[in-house]
Structure formats: structure tokens, C-alpha cells
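Report on the following structure.
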Amino acid sequence: MRDSGDIEELRPPPSPSAMPAGRTVATRVVSEGRPLPRPHAPDLARKAQLETTRGRLVIAAAGFAALFGAVGLKLAVATIIDPAEPKLRAAPRVPDGTPNIGRAAITDRNGEVLAVSLQVTELYANPQEINDPVEAADKLRSVLPGLDRERLIARISQRTVGDSDRPVQFAYIARNLPPRQQQAVNDLGIPGFHFRPAERRFYPQGRAAAHVLGQVDIDGHGIAGVEKHFDARLRGNHDPLRLSIDVRLQVALRDSVEKAIADFNGIGGAGVVMDVNTAEVLAMVSLPDFDAADPGGLQQRNAEAESDGPIRKVVARPAAPKPVHQDQDPHFNRATVGVYEPGSTFKLLTASMVLDAGAANIWSTFDARHPIRYGRFTISDYKGKNRVLVFPEVLAYSSNLGAAHMAQLMGPQRHREFMSRMGMLNRLQVELPEAARPLAPSANSWKEINTFTIAFGHGISVTPLHVITGISAVANGGILRQPTLVAQPDGAPREGTRVLSEKTSETMRKLMRLVVTDGSGKGAEVPGYFVGGKTGTAEKTTARGGYQKDKRIAAFVGAFPMNAPRYAIYVMVDEPKPNAKSHGYATAGWVAAPAAGAVIARIAPVLGMVPETERIAQIQQSISIPLQPGRPAGGKAPVAAAPQAATPAAPRANIPAAAMPATPAAPAQPVPVPPATLHPPALRRTEAPAPFRLAAVPDAMDEAGLASR
Amino acid sequence: MAISRADNSVLGRWWWTIDRWTLAALLALIGFGYVMMLAASPAVAERVIGSDARSLLLVKQVVFLALAASLMVIVSLLSPKGIRRFALVGCLVALALTAATLVIGFETKGARRWLNFPLLGTMQPSEFLKPCFAVVTAWLLSLGKEAGMARLAAGRPRDLGLLHPRLFWPGLALGLLAVIAVVLKSQPDFGMLMVVVSVFLAQSFVAGLNLVLVGFSALGGVGLAVGAYFILPHVRSRVDRFLDPAAGDTFQITKSMEAFGYGGLFGRGPGEGRVKNLIPDAHADFVFAVAGEEFGFIICALILLLFAFVVVRGLWRLMAEGDLFVVLAATGLLAQFGLQAFVNMASTLHLIPTKGMTLPFVSYGGSSVLAIAMGMGMLLALTRRRGPRLEGRE
């Protein structure tokens, strides 16, 4: 028996029979009274036992060695000899400098960037990884002070999704983080805050073309304007989309319209500049407008109201903007959605119609002495002459009675057909989702009284873009083209529909010029540019259909230069009030015509047009028409309309604009006419995708999207 | 360590009698346990427990590993007799607690293996049962052998009384095994049961079990395995997936092999593993794959060699041991240690069907680490050099 303890090692080797300690076999043997074993017998048995054990141990050790050897072999196979290829996600792309932008840019016709997507960083939090939301929020706010503390804490606190027990693992903190702030957030070293790349739409021109461009939602999908119309194109094709807009004209037009609105204390206004030969919209403004970079002042609104953080939940947004009347809504595009009675500007269409149909000649006379009474309506003239007026006088003096009598010559059905042909009854095919249908009597309800009033632009409501499109066709030789916002290839003729004869168009150009030289449009005259056009003042209608005496739309539509029209212009002021300068008048002649003149004076040089100085008289003579032209000698049939009388209504042919020659009135006196394909030298036209020219990141980037989120 | 050979204190004698090579190997494995916790726990902790516990998991295991090292050394200070008593008490307590899991244990992943102690946290008592039972088995078997030898020496080899110590003690061990088997089967914990039975068989084998019986046992084992395949659906599914990887979901093992492949010879470097984030059980049963990915073949081979070294060298050294109890107990402890390491590494390497078993010291798990440390402490205590050499009998 062996003792444990201090003396263990000093004792003699334990007796074999004493193993294992405690209960000994020997004792039992003794106790059972059996003979004591011979000393050597247990030794022999023990030896035999140990031999067996050793043999077995060798086998066991060899077995384990074999097992571990197998593991080692397999390990070598798995790591070196035949390694399995892990299917890992691709390593993060190393930035090579090219921005990874999903949405194409939008440029103006000269390549100036109007809208561009830039790469920004989104900051989001995984609340699961944030142990102390309060501390994390306070740290984060030291870098992004615009964040609301309480809401930030709420957003980064651990919680579950709805009623489920699934934890929230994603919460937006800020959606547009510039690199410097990203670095600053990173430097805080708070776990649980992560970044991911995103892109944001920037509009470097601010308000300049806000309505045309429209806007994108927070996820970069177009929701208005060109952004919406071309949403698929902008996302699918990364080449910049080149619009027909010229941002220089856009800015000039906006300034002038804004000034006219301010001068006459109007509530709004609109303006369009169009290339008469291609129907490309070169500029289109609607005032009031909005900053495209901050549509609707959302950031401002969010700063004031408690919104639901960076993810703007539409349903939960507590400060939903109150619906504003369209007159005050800056998002309302007066040029394409606003439908207004065009007023006297439509007299140009009425005159074109009767001339083209041969129903009247320029020497035809119309009795404007007596008001027309039709049922309960009375048509009279504003500041009328109360005499018989010759054709040009009807336009120059803007006689409602004259125009009504003109249209009477055609009858309601042909009048409506003509209006339909001029596109005044249908929605325009412009590349904007915001394009309104005109309000016009249906075929059944278009009676003679409608013809009377529509002849001078009442009883029908169209958009300003309708008016300028129609007048472009009147001025350009008679070919109507759908307006477009996309830049057309240089010099390529654009498909159109002939709606008037060239002869009619030529006569109309003279009449339009006459209105500016001798009629109500004098304010639009810009020396050397031979402006022609027509004013139009219409009383605004109420929701119930009546007229509001003191609320007017004052508009001017015209084209220049009238000897070879290149550009059409439309300017409108909504609800102008008389001012001292206008001697108490707030009619188009006082309001819109001067504004149009100001626009022309400003944009014509930009368009590369030099005012004519030396041959003013010569040119003017070629495009002038007397107020009271006499019947040509010899009693010939009316020249203006006769050739076309046989086929008045059918659209004739698709004639390219470039093929249209400017017809001089008197061949004996050749008049210098600018070539139709002349391009202003200052225009930078680029066929290839224009390179982005962004001098600097807009200021809006710094704090944009952070405030209050 | 500057301890004089003449130092006669407890520590001094411990130092000069302990198997320092094995001790060093075991401490090295504990060191790898630390390293692998750093590598494997963050990914798993975040995914399984939440970020709050990211460092908690690590700290817990660091504490456990420190406790384990201390426990191993303390246990190794005991004498063989002390070990025997310790194991006997431990075996009974652990058996009682294991049985208690059936009543008061809480259920995780469909099994009741754990007890929740207030303040101490959770523990799996069957882990502690394993080494204790091995020592008790060794004791009972050696008792039987001693009795047999005594009988042989007495010249009555044919005496076959059933209650004779020669058969009584092994029979008692077998009965104990049966009880443990029933308890483990009820939990159920077939992995543990397999280890316990295998260790028992290994000890019987080394004790000199009749080769015919060895053959029967082997046949029985095969029969049980086949039976398990046909009776237990999850065993069948695992074997099927092992034999034909296309048969079912082999995500974990596929990722494990990818981790080894990604690691290659030198590994991706500490913390550079990427596949490890996809392995669900990276910190426990598949920690070897994480080692493979981050530290490569060389370190994995080193870990493997450490295990092999401890087991094979331990078994080899037992050949010089004259005490049958010591031989059997050490055999049992080594077999358990080696078997567990083998099953874990072989599973991870797709050498055998996956069987959840921890890699001693390296895998996460408090009970596992402490129990292994206890077992290795016993081994070190039993294999300390005793009498003969000190007394110049060699």
C-alpha cells in the first residue's frame, strides 16, 4: 500500500499486490483465508498483463497516429493540393476616377449642364450595433449639428420592425454626405454607422429652367418635367440629354418676364421663345418658379416642421404642404399647363383662316359700327372705331367685331376644323408630362356664337405653348410642327404639317408687322429687328365660368425678324395692375408688348443677330402693308385667297422648313433676307456629348439633406 | 523556471515530476484557444448574440481559458489516489447533474444538455462526466484485473463466480456505462454517448479484453452505426450529405472547405478571413476552418501535431508505466482527448460526416474547456514520475 505525502518517494517500491491503493487484493485474499500467492506468481501475471497492455497501447497509439495522419493528409489536400475556391463577393471596386453615376446629365443645346447626378454618400445606422444611442447621437451631432437630437436618438435606438421581433438594422441618418463630413463621421469611430454610395441630382442653373427640367424624387426617379418624361432614357443611356433650351435665352426671358410682372404687380407670368422653323423651344419660363436644386423648399420646410427624418414617409409626413391655388403654386407651369383664353392673339389665326380659305382679302371690309347681339351676349369693341374697318385695321386696332365677322364668313364647322388643324384643340406632343388639353367647345356645341367669340380668342382656353406654336406656323410659311424640348440636329429639316399656304403666311407676316408698327403692339418694337406680333388681353374666367373684370391675362405673341422669321416669342403677365407709367392701363399693349420688346432686345444679340441699320427703310417697305389697302386695279379676283380656295382645309404636304423660301413681296426690289439656315455665331453647338463643366460643387451640397434629418 | 531539483516543496516536486512536454503542448493549445477566439468570435458573436456581446463572448472565453489553465495545473498536483477519489466523487456528482438536466435543464436546439446555475451561468455537466467516468472505469477495470491476476496467481484460473471481483468490478463499470448511456440518450446527446462508449471500449481494449470480444464490440459498433443510420433521421441525413454532397444542404461544410482553400499554405492573416463570416458555427465546431483560413496549413498542421503529440506520446509513455490503473485512466483520458480532436478536425475537413464536437481548448465553450482541462490535469497528475525512477529502480 502506498501513501501519498511527503515520504512517498522515500518508501520502497510498492508491492505489486498493493496496487491500486485502498482496497487491496492481497488483504482480501488473506481475509478469505486463501493461501498467500507465491511471490513470483503475481509478478508473472502482472508481467503478462503488462505485456498485453503494452501491445494494446502500441495498437492504440498507432491507431491514433493513423487517424491524425489522415487528418493531416486531408488538411494538406484541402489547403494546398486541391484548395476549394471560395465564392466570395467581388472585392470592392477600386475607384478609377470615373464617377459611377446611374442617371445621365441634362444639358442645354450648347452643352451647359442643367442637371447632373453627383456621387454622394449616404450615412445610415444599424441600431443593433449601437450600444449607447445617446452617446453615439451626441458624438455624431458634433460633426453633423443639423441633426435633430431627439429624433436621431430614436432612430438609432435598438427596436424591432413593427410588431415582429425582427430587429431594425437600417436607419437613414443623412442621405447626402460630402466627402469631408464622411471622413469626419468616420473619424468619430462610432460602431454602427455605415456609409454607402448614392447619387444626388444637382441643378447648377437653379431656377433658370426649373419647370422644364422638373425634378426627381429622393431615390433619383423623375417625377416631373423632362426628368419624368425621359426617366427611362436618362437611366438607360448615360450620354447627356441635350435639350433645345438655350440657358442664356432662358435667363434673359426669365428676367424680362419677372420685370414685367414686378412692374405691373402681376401674380405670375410666362414666356416662351421658339425657333419658328424647327419648333424647338429655346426658352420657356413660368413665374413664380422654384429652385430646382431645392424643389418646393423641402429642406426649408423640413427644418421648420417635424418630419419623419431622412426617409420622408409620404403618409406620415406631418407637415404636408397645404394645397395652393395654381396661381400661387410655383410648381405650376403656366406655359404648358395653364390654359388661358388667348384673347386677341387668336385674331391672327382667324385672319389666317379667312385669307387661306379665300373667304376674304386684305381689302375686305368688316362692319364694326354695331355691337353684335346674340342671345344674351353682346360683342363690342374695346375702344372701338365705330366704323367699317378694312382687313388690316381689324388686326391693328384689334377689333372684336371685325374678327367675329371674319369668322362668320367661314361658319362654325370650318372654323372648328381650322382650329383643330392648327392644333388648338389637342394636347401638345411636347416632351413634358405636364401638358394640358385645351378647353374648347366640342363639335356639337360649337355654334355660331362660339365661332364669334373664338374668333377673337374668347370661349376657348389654350396654353401659351399652343399660341406660340400656332403663331410659329403662321409666321414660318405655313408649316405647323409640334413643339419640342429636345435639341434637333443642326440644319436638318423637321417634319411638319402644312396648314397655311406660303402666300397666306407672307400676308400674315405683313399684318403682324403692321400691328407692331401701327397697332396695339407698338411696345414690342425693337429697331432693326422687324418685330411682328399681336397683343391679347383676356379677362380671366372664374371657376363658375363668368369673367372677372379686374383680372386679366395680358399676352403678346410675335416673331422676328418679320422679313424672314427665325424666332417666335410669347410673353404673358397674369393679372397685371395698371401703374403710373401705363397711364392706368393694364392691357397687353402696355404690359406684354414692351416686355416682349425687352426680351427681343436682349436675346437677339445673344442669338447672333445684328440689328439692321442701313436698310431699315428698304426692308420695312418690303414687309409693310397699308392699313387700308385698296382693291387692286382691274377688278381681279382676290389674289390672296383664290389659289387656295379650292383646297382650303386639307393639310397639304410635309414640307421641310429649310425648303421654305422667304418670298420677297416685290421681285423688282430685292430685299436682303438672312439665309434660313443661318446660325448665330455665338452658339456653341456640340453634336458630341458635351463635357461636364462644373467648376465647383454647388454650395447646396455641403449641408444639403442634412439639416433637420 | 528556476526550481532546484532539491526543492522538496509541492511545487518543486510537481515541476520535476510533471511531464513537461505534454504540459507545454497543452498550454500551447490553450494559447491557440485564445488566438482563435480573437479570430472567430467577433463574426459569430455579432451574428448570433448581437453586438452587445461581441466583446463579452471574448472576455468570457478568456476567463474560461485562464480558469482552465489553472484548473489543469491544480488537478495535476494531485496524487493518483487523489485523482481516483476526485474522479469518483466527480463522476457521481456529474452523473447526478446530468440526470438532473432531464428534469431541470433548459432546452437548446432540441436537446436538454444544459443546467443554468444562478451566478455561475450555464454548464453542461456531461462534459465533466466524461473524464471522471474514464478514470472511474479505469479504476474498476484495474480492480477487476488485479483480482484476476490474484486468482491466476492463486492457481484457480477457472473460477467463474459472477460476483467475484474479477468480473464484479468490470461489470459495475459496464452497469455505470449503461446508466450513463440511458441518461445521454434521453438528453439526447449521441455525440457524447459515442465518445463515452468509445473511450470505455478503448480502455477495455488496452486492459486486455479478449480479442473475440473486441471483435464483437467492433461488430456491435458497426451494427449500432448502421442502426442509427436507419433509425435516426438526422444521422441518416448527415451521412447522406457526406456521401453525396449534392443530396442536401452542405452549406457549412462547403464553406469550411472554402475557408481551408482560401487560407492555403500561409493563411490570409489574422483577422483577414472572409469565409469565416459565413460559417454559422465558426467559433465552436468549425473553429479549425477559421484557423485554416487565417493561419493556413502550417499553423493547422502545428495544431494537429500538438494533438497528435499529446495523444501518441502519452500512449507511448504509458508503456513504461507499471500501474494498470494509471495506464487505463491515462488511456481513457487520452482517447477521449484524441477522439474529440479527431472527430472535430475530420468533420471540419469533410473526412467524416459532421458530428458536433468541440476541438479541445480551441473551440468556444466554458464547460468544454474546463472539462478538458480537468481531464488533462488528471492525465498530468497520473503520468507524473513516481517512485521507480526516483528510487533508481530503472
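Each chain gets a letter, A, B and so on, in the order the sequences are listed, and its residues count up from 1.
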- prompt: When only pairs under 4.5 Å are counted, which of V71(A), V58(A), T52(A) shares the most heavy-atom pairs with chain B?
  reply: V71(A)
- prompt: With a 4.5 angstrom heavy-atom cut-off, which part of L67(A) approaches chain B: side chain, backbone, both or neither?
  reply: both
- request: Let me know if L78(B) has heavy atoms under 4.5 Å from chain A in its side chain, its backbone, both or neither.
  value: neither
field: Closest contact, heavy atoms only, K145(B) versus Q49(A)
entry: CD-OE1, 3.1 Å
field: L50(A), part contacting chain B, at a heavy-atom distance under 4.5 Å
entry: side chain
query: Which atoms of A202(B) come close to chain A, meaning under 4.5 Å heavy atom to heavy atom: side chain ones, backbone ones, both, or neither?
result: neither
Heavy-atom pair count under 4.5 Å with chain A, highest-scoring of V312(B), L349(B), T331(B), L265(B): L349(B)
Part of A76(A) within contact of chain B (heavy atom distance under 4.5 Å): both
- request: Give me the ring orientation class for F68(A) and F342(B): parallel if the planes are under 30° apart, tilted from 30 to 60°, perpendicular past 60°.
  value: perpendicular
- request: Please round to the nearest 0.5 Å and tell me the distance separating atom NE2 of H350(B) and atom NZ of K74(A).
  value: 7.0 Å
task: Would you mind telling me which of G208(B), G314(B), G82(B) has the largest number of heavy-atom pairs within less than 4.5 Å of chain A?
output: G208(B)
query: What residue, out of A65(A), A78(A), G55(A), A62(A), has the most heavy-atom pairs lying under 4.5 Å from chain B?
result: A78(A)
field: Side-chain heavy-atom pair R56(A), L211(B) within 4.5 angstrom cut-off
entry: yes
- request: Check whether any side-chain heavy atom of L57(A) lies under 4.5 Å from a side-chain heavy atom of V327(B), and answer yes or no.
  value: yes
- line: Most contact-rich option vs chain A, by heavy-atom pairs under 4.5 angstrom, among V326(B), L318(B), L305(B), is L318(B)
field: Nearest heavy atoms of F297(B) and T79(A), plus distance in Å
entry: CD1-OG1, 3.2 Å
message: Between A70(A) and chain B, with a heavy-atom cut-off of 4.5 Å, which part of the residue counts as in contact: side chain, backbone, both or neither?
response: both
task: Output, in order, the C-alpha distance, side-chain angles, deciding distance and verdict of side-chain contact (heavy atoms from CB on, under 4.5 Å) for L324(B) and T53(A).
output: CA-CA 8 Å; L324(B) 191 59; T53(A) 304; 3.8 Å; yes
- prompt: Looking at W316(B) and A61(A), what are the two nearest heavy atoms and their distance?
  reply: CE3-CB, 4.5 Å
query: Does any non-hydrogen side-chain atom of L75(A) lie less than 4.5 Å from one of F288(B)?
result: yes
task: Indicate the atoms forming the closest heavy-atom contact of P83(A) with G261(B), along with that distance.
output: CB-CA, 3.4 Å
query: Quick one: CG on D82(A) to CZ on F260(B), what's the gap to the nearest 0.5 Å?
result: 14.0 Å
